[in-house]
Amino acid sequence: MTHTLFIGCGNMGSAMVAGWLMAGEDPANFTAVRPSGTPVAGIRTVRTIGEANMMPERIVLGFKPQQLAALAPEVARWVTSRTTVISMLAGADTATLSGLFPRARAIVRVMPNLPVAVRRGVLPLYTIAHEDQALQSELQPWFSMLGFAPWCASEEEFGAIGFVAGSTPAYVARFIAAFAAAGEGRGLDQGLALTAAREAVLGSAWLAAATGEPMEELARRVTSPNGTTEAGLKVLDPELGDLIDRTLAAATRRSAELAAEIKG
Ligand SMILES: NC(=O)c1ccc[n+]([C@@H]2O[C@H](COP(=O)([O-])OP(=O)(O)OC[C@H]3O[C@@H](n4cnc5c(N)ncnc54)[C@H](OP(=O)(O)O)[C@@H]3O)[C@@H](O)[C@H]2O)c1
């Protein structure tokens, strides 16, 4: 049995645990450390690493990136040459992590997004232990239980996928809410408007994934010449690309600031 210890298991850690349990993983293989003692549904939760009292094969860092320097010495006491340290901390690069956990078997970065909770996440993976095929073969099926889990060739690629996918649930939530509000503005009941908007977005993404067709083609199939969708796209198209670009640029700037904070 391979045991995984989450050190910090809030929003994202709990989402990952939910996905693994949904996939049929044994709850006995997980322990979570939460200073508040707030239980993580389905698994053993303790308040301190000492209380967990184990040398697990996998340690997942699930606290805030700003806590890394303060918590690393205590975490490192539980890391042996058999431990894979898995970091989901935004902005903490592999060089920093390797310096803090020199005894680890390997350092693996993962940048999950929230749909891991329903096993439809995007979770890029990166390790400098590229040559360790055993490690990758061991971790790939485990992470794939949570969604699309590609190994990245560089930390830059890892960061870029994280940017495209990481905050997307928030952006899509805003998009759905805006459509729902527009429906309400046209007289629909609030619940009905929200359900219609949400299901339309889900169905569109599902269709795109099922057919694998280019986005241009999917849009074309909905757009009759001189029809209603074409009229709508004439408003949306000139704004959308630039808007997304500026949105991701702002997130990138903030990420660089956070990375600088972590390095002190
Ligand atoms: N949220 C996202 O979409 C997302 C996406 C990708 C990566 N991440 C990364 O995931 C990490 C966690 O983010 P989150 O959104 O899950 O934050 P969160 O909900 O605030 O969770 C933080 C966790 O850290 C725990 N913690 C606080 N102090 C601790 C200590 N001294 N020792 C051990 N654990 C401690 C908290 O414990 P309590 O529960 O007891 O308060 C909580 O469980 C961050 O590093 C973030 O960069 C988040």
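Start at 1 and go down the list; that is how both ligands and their atoms are numbered.
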[X] neighbourhood, listing ligand 1 atoms whose heavy-atom distance to it stays under 4.0 Å:
X    : answer
G10  : 16 (O), 19 (O), 21 (O), 23 (C), 42 (C), 43 (O)
P65  : 44 (C), 45 (O), 47 (O)
M111 : 6 (C), 7 (C)
A90  : 47 (O)
F63  : 11 (C), 12 (C), 24 (O), 44 (C), 45 (O)
Q67  : 27 (C), 28 (N), 29 (C)

Exercise for the section: Keeping the roles fixed (side chain from S204, backbone from A200), state whether a donor-acceptor pair exists under 3.5 Å. Expected result: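 Yes; at least one donor-acceptor contact below 3.5 Å.
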Exercise for the section: Report yes if the side chains of V60 and T4 come closer than 4.5 Å at any heavy-atom pair, otherwise no. Expected result: yes
Exercise for the section: Answer yes if the ring centres of W20 and F30 are under 6.0 angstrom apart, and no otherwise. Expected result: yes
Handout entry: Lys NZ or Arg CZ of R58 over W142 ring: under 6.0 Å, within 45°
Key =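 The answer is yes, since R58 meets both limits relative to W142.
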For [atom], what is the nearest protein heavy atom, given as residue, atom name and distance?
atom                    : answer
atom 39 (O) of ligand 1 : R34 NE, 2.6 Å
atom 31 (N) of ligand 1 : L71 CD2, 3.4 Å
atom 20 (O) of ligand 1 : K64 CE, 3.3 Å
atom 40 (O) of ligand 1 : S36 OG, 2.5 Å
atom 12 (C) of ligand 1 : G62 O, 3.2 Å
atom 6 (C) of ligand 1  : P112 O, 3.2 Å
atom 7 (C) of ligand 1  : M88 O, 3.3 Å
atom 2 (C) of ligand 1  : M12 CE, 3.5 Å

Are there more than 12 heavy atoms of other residues, nucleotides or ligands under 6.0 Å from atom [atom1] of [X]?
X    : atom1 : answer
R120 : CZ    : no
Q190 : CD    : no
F163 : CZ    : yes

Practice task
Report the member of A32, G8, P35, G166 with the shortest heavy-atom distance to atom 30 (C) of ligand 1.
Solution key: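 That would be P35.
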Practice task
Kindly confirm or rule out an N or O of I7 lying under 3.5 angstrom from an N or O of ligand 1.
Solution key: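 N/O-N/O distance below 3.5 Å does not exist for this pair.
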Problem - ligand 1 to T38 polar contact by distance, N or O atoms, under 3.5 Å - result: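 Between T38 and ligand 1, no N or O pair is found under 3.5 Å apart.
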Practice task
Begin with the C-alpha distance, continue with both residues' side-chain angles, and end with the deciding distance and a verdict on salt bridge (Lys or Arg N to Asp or Glu O under 4.0 Å) for E261 and R254.
Solution key: CA-CA 11 Å; E261 277 176 38; R254 183 63 191 130; 3.8 Å; yes
Practice task
Give the C-alpha distance, both sets of side-chain angles, the deciding distance and a yes or no for side chain to side chain contact (heavy atoms under 4.5 Å, CB included) between V33 and E51.
Solution key: CA-CA 9 Å; V33 175; E51 202 183 323; over 6 Å; no
Problem - Pair E57 + R105, salt bridge at N-O below 4.0 Å - result: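 No salt bridge links E57 with R105.
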Problem - Residues T80 and T83: side-chain donor-acceptor under 3.5 angstrom - result: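 Per modelled atom types, T80 and T83 side chains form a pair under 3.5 Å.
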